[in-house]
2 protein chains.
Amino acid sequence: MPAASDRILKPRKTPRQARSEATVEAIFDATIQVLLAEGAARLTTTRVAERAGVSVGTMYQYFPNKQALLHAVLKRHLDGLIDKVEKACRALAGETIAVISDGLVAAYLQAKMDSFDTARALYAVGAELDLGSLQAANSKRVGEAVMAVLTSALDVRFEDVRVVAFTLHVTVAGAVGAVLERGGSRARAKILASELPIMCRAYLTAVAKRK
Amino acid sequence: MPAASDRILKPRKTPRQARSEATVEAIFDATIQVLLAEGAARLTTTRVAERAGVSVGTMYQYFPNKQALLHAVLKRHLDGLIDKVEKACRALAGETIAVISDGLVAAYLQAKMDSFDTARALYAVGAELDLGSLQAANSKRVGEAVMAVLTSALDVRFEDVRVVAFTLHVTVAGAVGAVLERGGSRARAKILASELPIMCRAYLTAVAKRK
DNA sequence: TCCAAACCTGAATAATGATTCATATTATGT
DNA sequence: ACATAATATGAATCATTATTCAGGTTTGGA
């Protein structure tokens, strides 16, 4: 069900020639660069266009308004993250719960670390944007992927996989987000890398039933 | 060491009469109300003043600029949260680790739920503000309080309390933040209320040494 | 070579918003 | 009651920004 907001968030026109695809790419990149270099408050359409090496008018050819641009950039980033997590989930299917747990945490952490700067830059954007649709879709996809691996565990089963998957996702995402996207240093990220696996394994073991 | 930003963030003048204290209160409240009712994008000095029932000029008598206002409002909220957590920590000192764990999680969750709306409103503000100083102070105070209770545990001791306290704090805060401050429903908060205690107890048990 | 579609340009428009300041009102101590 | 410090006012100023549009340039194919 396309929300009303879709009408104003969808791209105005779709690129047909190679140069315009490059333009859109440049605009995406520029958005993140401006965000990183100047902060969310100074993220203006003009500045983005300038940095991308195109005119404002060009920007408006592909994005009906600033919000649509931000939405697109954010979606792009989130989709990338989700892909990685889903891939990890598929790779871990059928292993023991210990392996699955460690693998999931590692994948999530890795994915976030890979896009450290982008993630931090986009954090600020998320706030001033209606995240409803994106967030929901995101949660759903990740949630289902995690449920799937958990169910596939070789040695255990869960009373309520849905709840367990949700908890796992929210906890790891929340912790990583709190540390990386805000002021946290990479050093603190390392603490997470060593502690989160312990915590997740402990939790999963606590709520699992032997098969 | 007062940062350079302090100069422009500190109140321009301190209230001396009762009416001005009331004014400042009204401004704080109005800020949150506007945030809640109109969103971060429409949070303007004029609107806040209007809602507070004072003129813009009055606002600028107490806050040198918009940022200072937001900083003050955010600090106020965070301090309130920290107080509650610290209080809980003090009350839990000397108990068994199981009791401490459950108590901490409950206190954190409770504190956040109490200020559900405010927290969500302020989430957006945090992004467009330099949170460095606040965030750091916040983490430090909570971290120390948690370290203290953990150390006081009757039945166990920890190899590295600092790391454990950090992990606990970040995980719980992150998970709760992810669910409450963003699109999450109260229903999801309930899941957290039942699962987080399990997870934290499992983690603490896993890393603790018997005394 | 030529044209229609695709693409690009950037000054102009129209709003909006943060911040100031000269002036007016109110409180407090004497 | 008076003087003085506190507090409040809000139109005016100065800047910034999202968005448009009338017209240019480039591309791919016939």
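Just so we're on the same page: letters track the sequence lines, and every chain starts at 1. Small disclaimer: the values here were computed from a predicted structure and weren't measured.
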Quick check for you: among [options], whose closest atom lies nearest to any side-chain atom of [X]?
X	options	value
Thr58(A)	dA11(C), dT9(C), dG10(D)	dT9(C)
Gln61(B)	dA8(D), dC8(C), dT19(D)	dA8(D)
Val56(A)	dG10(D), dT19(D), dA8(D)	dT19(D)
Lys66(B)	dT19(C), dG10(C), dA18(D)	dT19(C)
Ser20(B)	dT19(D), dT7(D), dC8(C)	dT7(D)
Tyr60(A)	dG10(D), dC7(C), dT19(D)	dT19(D)

To the nearest 0.5 Å, how far apart are OG1 in Thr167(B) and CD1 in Ile198(A)?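 Atom-to-atom, Thr167(B):OG1 and Ile198(A):CD1 are 8.0 Å apart.
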
It should be established whether Thr46(B) places a side-chain nitrogen or oxygen under 4.0 Å from OP1 or OP2 of nucleotide dT16(C).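 No, outside the criterion.
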
Taking only N and O in the side chain of Thr45(A), is any of them less than 4.0 Å away from OP1 or OP2 of dT17(D)?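 Answer is no, no contact under 4.0 Å.
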
What is the separation between atom [atom1] on [X] and atom [atom2] on [N], rounded to the nearest whole Å?
X	N	atom1	atom2	result
Glu50(A)	dT17(D)	CD	C1'	14 Å
Glu21(A)	dG28(D)	CD	P	12 Å
Phe63(B)	dT7(D)	CZ	C1'	15 Å
Met59(B)	dT7(D)	CE	C1'	15 Å

DNA chain C: 5'-proximal contact among Arg47(B) and Arg19(B) (nearest heavy atom):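 Comparing both residues, the 5'-ward one is Arg47(B).
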
Checking the side chain of Ser101(A) only, and the main-chain atoms of Ile97(A) only, is there a donor and an acceptor separated by less than 3.5 Å?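 Checked: no pair found.
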
Donor-acceptor contact below 3.5 Å, side chain Thr23(A) vs main chain Arg19(A):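 Yes, because the side chain of Thr23(A) sits within donor-acceptor range (under 3.5 Å) of the backbone of Arg19(A).
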
Hey, can you tell me if Tyr123(B) and Tyr123(A) have their rings parallel, tilted or perpendicular (30° and 60° cut-offs)?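 Geometry flag for Tyr123(A) against Tyr123(B): perpendicular rings.
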
Students often get this wrong, so: under 4.0 angstrom with heavy atoms, is Thr44(B) touching a base, only sugar-phosphate, or nothing?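 Contact class for Thr44(B): sugar-phosphate only.
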
